[in-house]
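Notes follow once the structure below has been shown.
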Amino acid sequence: MIKITLPDGSIKEFAKNSTPIDVAKSISEGLARNVISASFNNVTVESTTELGEDGSLILYTWNTDEGKKAFWHSSAHVLAQAILSLYPEAKLTIGPAIENGFYYDVDFGDTSISESNFKQLEDKMIEFARQKFEFKIRSVSKADALSYYKEQNNEFKVELIENLIDGDITFCDHADFTDLCRGGHIPNTGIIKAVKIMSVAGAYWRGDEKNKQLTRVYGISFPKQKELTEYLALIEEAKKRDHRKLGKELELFTFSQKVGQGLPLWLPKGAALRERLENFLKKAQKKAGYEMVITPHIGQKELYVTSGHYAKYGEDSFQPIRTPKEDEEFLLKPMNCPHHCEIYNAKPYSYKELPKRFAEFGTVYRYEQSGELHGLTRVRGFTQDDAHIFCTPDQLDAEFKSVIDLVLYVFGSLGFENFSTQVSVRDPENPDKYIGDVENWEKAEQAIINAAEDKGLDYVIVEGEAAFYGPKLDFMVKDALGRQWQLGTIQVDYNLPERFDLSYKGSDNQLHRPVMIHRAPFGSMERFVALLLEHSGGNFPLWLTPEQVILLPISEKYENYTKKVLISLENSEIRALVDDRNEKTGRKIRDAELSKIPYMIIIGEKEEQENLISVRRHGEGDLGTFTIEEFASLINKEIESTLVQF
Ligand SMILES: [Zn+2]
Ligand SMILES: [Zn+2]
């Protein structure tokens with residue numbers, strides 16, 4: 001008998017060589033039907049692997065990341081099988097599961113693959129899937145593995161095998177198809193019910209442009225047709241919400257080849273929106289005891305050598321700026337932190353004056369490869385809603401809680417309800433990797449966990465993910481389409497206070513090092529606006545949206561009354577504009593709906609006579625007639641209700 005420990009800690013006995021499926025059956029028939037993969041003693045195994053010893057077992061279904069990985073990895077085998085069946089001359093290279101689906105890199109020789117071939121590939125995959133082929137892993141000797149692929153003239157697999165250790169090599173068979181593989185499959189191909197080839201792209205062998213160019217075939221598969229349909233609908237919706245597309249339509253930002261790639265230009269509406277976001281945060285930060293500072297866009301190279309940023313960004317980023325003076329060099333700042341350290345250093349502090357919280361909307365520059373640039377999410381110049389808190393180790397607890405409050409205020413006011421957090425702590429196996437003394441690290445890690453606990457955050461602790469200079473708390477937001485975005489970080493730092501020799505006088509009259517906290521609830525203004533656009537589809541909260549109201553006079557006869565309404569609204573600090581084009585009212589309403597302006601006011605004879613306005617809500621329709629005062633208070637009430645209390 002063997003003892004199997006399950007994730008809930010329970011231990012059950014099974015006959016030797018029982019499989020994960022047998023274990024699942026002992027729990028429930030339903031689970032046994034749904035188990036598609038497993039891990040045993042932290043190693044991925046097949047659901048049919050015979051377990052020969054005691055150990056801990058985790059069973060995975062489709063609803064887990066590991067289950068999906070096994071599903072998509074197995075689907076990649078079926079894709080490869082389909083490719084070889086349709087293109088016998090093709091040479092397979094590697095084909096992993098990815099975040100959404102899988103791909104296979106293939107040398108198709110002289111044949112080129114395009115969208116017109118996708119259907120045939122999909123049909124072939126489904127034809128194979130339906131035959132319920134079982135996946136079977138077997139060990140092969142290095143010599144046999146090499147001769148198998150040499151016979152097929154597949155120099156790619158030969159190269160892969162040459163780098164493997166004899167005795168460590170496994171093949172996976174299903175039907176008459178064999179692939180070099182480490183394992184982690186679903187029980188049989190029959191559970192693959194829906195397949196879609198998404199795209200093809202060029203990819204160099206081993207990612208090196210000196211090597212041969214291969215064709216990367218991307219696909220995705222599901223256990224139900226319905227799930228594929230939903231996934232494709234989601235992709236369509238994501239295209240509609242692409243922030244690059246919406247940013248252009250709503251006239252928020254642009255890029256110019258003349259100015260340079262990756263350097264966003266904020267248009268008037270975008271700049272105003274960004275200013276509202278900044279003011280919103282400034283107001284909350286002021287309440288939370290932050291002080292604004294301003295620092296230059298460049299700094300002497302030495303500054304970044306001291307901070308260590310030159311070692312990190314120097315070679316691979318913008319090169320130093322020269323001056324007429326021979327030995328003088330400046331860098332575009334890649335981070336605001338060194339500047340803020342020097343602000344701290346401008347005067348001596350006693351423990352009674354801490355914490356100091358310096359905030360700045362600081363623009364930084366980092367050279368991203370042109371292939372990496374993407375709208376506002378990957379740029380070469382961006383503005384962080386940066387702040388650095390300098391405090392005593394004992395103050396960490398309270399500071400962390402207060403930063404979390406600020407982040408939650410931002411999320412709440414901008415409609416992000418779905419988020420999770422990760423606490424990154426040291427790797428207990430490698431204590432030497434980290435700077436700063438152990439006692440302080442323990443204090444900081446505990447402070448983060450206490451704060452997360454106290455604020456009721458849904459958090460996971462990940463060992464080994466802390467930076468060498470301190471533990472951190474990351475916020476991951478799920479947008480309206482369920483996509484995950486990494487947002488604000490709260491990072492403890494023992495390194496920069498050391499490098500910049502920061503100190504404060506303690507109650508013992510001795511000098512001590514302060515702890516530094518880096519934090520940015522938005523991350524950067526650019527990335528945050530991109531996320532807001534894709535999350536809201538351009539329907540911003542009323543307090544933030546560029547125009548709140550559009551006035552639609554049904555003819556030029558009502559010009560004077562329209563002007564009067566406009567002035568009253570502006571006096572109530574409501575952002576309004578007039579559509580005075582010579583168009584039919586229906587057309588004006590349609591255009592206003594497209595521009596996503598939340599409220600439309602229709603003005604005609606009746607309205608003018610009764611000194612009223614007729615109001616429509618974007619996406620909802622007619623709300624009836626109001627006096628201007630009633631309408632202004634309606635708007636202000638809506639804003640109040642969406643802005644969370646801070
Ligand atoms: Zn495999
Ligand atoms: Zn920083």
Side-chain angles (χ1 to χ4, degrees), residues 36-37 43-49 66 69-81 92-98 102-104 133-140 145 157 160 169-175 177-189 192 221 290 293 295 299 303-304 306-309 312-313 333-344 356-364 366 382-391 403 467 469-470 472-473 488-497 499-500 502 514-524:
I36 57 177
S37 171
V43 177
T44 303
V45 293
E46 315 283 311
S47 49
T48 51
T49 298
E66 290 83 357
K69 192 176 163 198
F71 195 90
W72 287 332
H73 167 90
S74 307
S75 302
H77 282 301
V78 181
L79 168 64
Q81 181 191 15
L92 301 170
T93 71
I94 56 157
I98 51 177
F102 52 88
Y103 68 77
Y104 219 115
F133 296 124
E134 283 180 20
F135 290 99
K136 290 228 161 61
I137 281 278
R138 69 182 150 98
S139 291
V140 282
K157 295 279 190 193
L160 291 175
I169 302 169
T170 48
F171 276 1
C172 171
D173 305 312
H174 78 274
F177 178 79
T178 295
D179 207 342
L180 173 68
C181 174
R182 280 204 204 94
H185 304 98
I186 55 179
N188 69 70
T189 60
I192 303 172
S221 55
Y290 289 76
V293 295
T295 66
L303 175 72
Y304 307 103
T306 303
S307 68
H309 291 123
K312 188 167 176 211
Y313 296 104
K333 74 174 165 190
M335 295 277 237
N336 302 301
C337 344
H339 295 249
H340 291 191
C341 286
E342 284 303 289
I343 286 182
Y344 180 88
K356 295 305 289 181
R357 308 180 188 92
F358 299 136
E360 176 180 19
F361 288 90
T363 305
V364 296
R366 295 176 201 166
F382 55 96
T383 303
Q384 295 176 312
D385 55 321
D386 217 353
H388 296 96
I389 300 169
F390 301 89
C391 65
V403 178
Y469 53 85
K472 63 175 176 167
L473 177 67
T489 293
I490 316 175
Q491 167 92 54
V492 176
D493 187 350
Y494 295 112
N495 181 41
L496 287 185
R499 283 173 172 260
F500 282 90
L502 308 184
V515 187
M516 188 173 175
I517 301 174
H518 310 252
R519 45 106 283 183
F522 293 152
S524 82

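Throughout, numbering of the chain's residues begins at 1 and tracks the sequence. Note that ligands are numbered from 1 as they come in the structure, with each ligand's atoms numbered from 1 the same way.
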Problem - H73 atom (N/O/S) at minimal separation from the Zn ion (ligand 1) - result: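 Sorting the N, O and S atoms of H73 by distance to the Zn ion (ligand 1) puts NE2 first.
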Mind checking whether [X] and [Y] have side chains closer than 4.5 Å, heavy atoms only?
{"X": "T489", "Y": "H518", "result": "no"}
{"X": "Y344", "Y": "P514", "result": "yes"}
{"X": "M516", "Y": "C337", "result": "yes"}

Practice task
Would you name the heavy atoms of I94 and Y104 that are closest together and state the gap between them?
Solution key: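 Taking I94 first and Y104 second, the nearest heavy atoms are O-CD2, 3.2 Å.
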Practice task
Can you tell me, to 10 degrees, how wide the angle at the Zn ion (ligand 1) is between NE2 on H185 and SG on C181?
Solution key: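 My answer is 110°, to the nearest 10°.
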Exercise for the section: Look at H340 and state whether any of its N, O or S atoms is less than 2.8 Å from the Zn ion (ligand 2). Expected result: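 So H340 does not bind the Zn ion (ligand 2) by this criterion.
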Problem - Atom nearest to the Zn ion (ligand 2) - H518, N, O or S atoms considered - result: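 Looking only at N, O and S atoms of H518, the one nearest the Zn ion (ligand 2) is named ND1.
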Exercise for the section: Flag C172 as yes if one of its N/O/S atoms falls below 2.8 Å of the Zn ion (ligand 1), otherwise no. Expected result: no
Handout entry: Donor + acceptor pair across side chains of K69, T44 (<3.5 Å)
Key = no
